[in-house]
Engineer: 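What follows is a single structure, and I will ask about it in a moment.
Residue indices begin at 1 and follow the sequence shown.
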Amino acid sequence: MIDRENQPLTPQQPARDRKPASRRGLGRDAGVAAICGFVVVLMVGASYAAVPFYNWFCRATGFNGTTQVATSTPSGAPLARKIAIRFDANVGPGLPWKFEPEQTEIEVRIGEVVTVYYTVINQAARTTTGQAAYNVAPLTVGSYFQKINCFCFTEQTMAPGEKREMPVVFYVDPSIAADSENDGLNTITLSYTFYPVREPAPKPLAASEPDKRKGSL
């Protein structure tokens, strides 16, 4: 038999020091939720930061066929080696433009500065704005394709029915001849796609400016 009278008494925890299990659970859940929220905010911020970094990386390395922006013409004479340059033109959905190169293909010497033209027509009955994205193929030659002047650097605003010739001045960097991976390269394709640019919202009238849209009271 168990001698209950001789067993040591265990002091009980005061009631004021005991927390209900439900409160402890709520506190733990709130901590987990806060940590999850912080991780989500961090990931969203990183994704936005990655966009400008990715663009900078492409421009600096020619990754994904991004061409380079030249600040001057080549110092030496063009090489004897020639290469074919093809020109491609596209228009994104929502932009009522006709866009095409004046020549679909030319042959140039490596290191030769060349000017070509694209033609664009605004087929809408209203003013529209677009901006071009561009790349070259094969994608690995982006770092050798040097553009001196290009319409893709700025937004293009076209009046209704307006037709415009847009020049592209470029050369293929002679250093491509030292790249053994491009020994068999015969053709480079330069591709542009115009995308619509949303028109800016009208500026609100200043408090001191009379609203000319309203009639006299």
Engineer: I need the T189 OG1 to I85 CD1 distance, nearest 0.5 Å.
Structural biologist: 8.5 Å
Engineer: Got F145 and Y134 here, is their nearest side-chain heavy-atom distance under 4.5 Å?
Structural biologist: no
Engineer: Under the 3.5 angstrom rule, does the side chain of N122 hit a backbone N or O of E162 as a donor-acceptor pair?
Structural biologist: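 No.
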Engineer: For T127 and A159, which heavy atoms make the closest approach, and how far apart are they?
Structural biologist: OG1-CA, 4.0 Å
Engineer: Does V197 belong to the same Ile/Leu/Val/Met/Phe/Trp/Tyr cluster as I121, with side-chain heavy atoms less than 4.5 Å apart forming each link?
Structural biologist: no
Engineer: Starting from the C-alpha separation in whole Å, work towards a yes-or-no answer on side-chain contact (heavy atoms from CB on, under 4.5 Å) for F87 and I106.
Structural biologist: CA-CA 9 Å; F87 304 100; I106 62 173; 3.7 Å; yes
Engineer: Quick check: do K147 and V168 have side-chain heavy atoms less than 4.5 Å from each other?
Structural biologist: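 The answer is yes, as the side chains (C-beta and beyond) meet within the 4.5 Å cut-off.
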Engineer: Does a donor on one side chain sit under 3.5 Å from an acceptor on the other, for N135 and Y192?
Structural biologist: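 Judged by distance alone, the side chains do not pair up.
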Engineer: Does any non-hydrogen side-chain atom of S191 lie less than 4.5 Å from one of V136?
Structural biologist: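 Side chain of V136 against side chain of S191, heavy atoms only: no contact under 4.5 Å found.
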Engineer: Does V169 offer a backbone N or O that forms a donor-acceptor pair with the side chain of N149 under 3.5 Å?
Structural biologist: no
Engineer: Just list the side-chain donor-acceptor pairs under 3.5 Å for residues 108-120, sequence neighbours left out, or say none.
Structural biologist:
from: E112; atom 1: OE1; to: R109; atom 2: N; distance (Å): 2.9
from: Y118; atom 1: OH; to: D88; atom 2: O; distance (Å): 3.3
from: T119; atom 1: OG1; to: E102; atom 2: OE2; distance (Å): 3.4

Engineer: For the CG atom of N90 and the CZ atom of F99, what is their distance to the nearest 0.5 Å?
Structural biologist: 8.0 Å
Engineer: Would you kindly confirm whether Y195 and W97 end up in one hydrophobic cluster when ILVMFWY residues are joined by side chain heavy atoms under 4.5 Å apart?
Structural biologist: no
Engineer: Measuring from atom CD1 of I176 to atom OG of S143, what distance do you get when rounded to the nearest 0.5 angstrom?
Structural biologist: 7.5 Å
Engineer: Contact between I83 and T187 at the side-chain level, heavy atoms closer than 4.5 Å - yes or no?
Structural biologist: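 The answer is no; the side chains never approach within 4.5 Å.
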Engineer: If I compare all heavy atoms of G130 with all of L95, which pair ends up nearest, and what's the gap?
Structural biologist: CA-CD2, 4.3 Å
Engineer: Rounded to the nearest 0.5 Å, how far does CG of D183 lie from CZ of R81?
Structural biologist: 6.5 Å
Engineer: Are P196 and T128 close enough that some pair of their side-chain heavy atoms sits under 4.5 Å apart?
Structural biologist: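 No; the side chains remain at least 4.5 Å from each other.
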Engineer: Contact between S175 and Y144 at the side-chain level, heavy atoms closer than 4.5 Å - yes or no?
Structural biologist: yes
Engineer: Find the distance between CD (Q123) and CE (M158) and round it off to the nearest 0.5 Å.
Structural biologist: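 The CE atom of M158 is 10.0 Å from CD of Q123, to the nearest 0.5 Å.
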Engineer: Just checking R164: does its CZ atom have more than 12 heavy atoms from other residues, nucleotides or ligands closer to it than 6.0 angstrom?
Structural biologist: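 Counting neighbours around CZ of R164, more than 12 heavy atoms of other residues, nucleotides or ligands fall under 6.0 Å, so yes.
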Engineer: Once rounded to the nearest 0.5 Å, what's the spacing between atom CD of Q131 and atom CZ of F194?
Structural biologist: 8.0 Å
Engineer: Could you tell me whether the side chains of Q156 and T154 share a donor-acceptor contact shorter than 3.5 Å?
Structural biologist: yes
Engineer: For residues V141 and N182, determine if any side-chain heavy atom of one lies less than 4.5 Å from a side-chain heavy atom of the other.
Structural biologist: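 A side-chain contact under 4.5 Å exists here.
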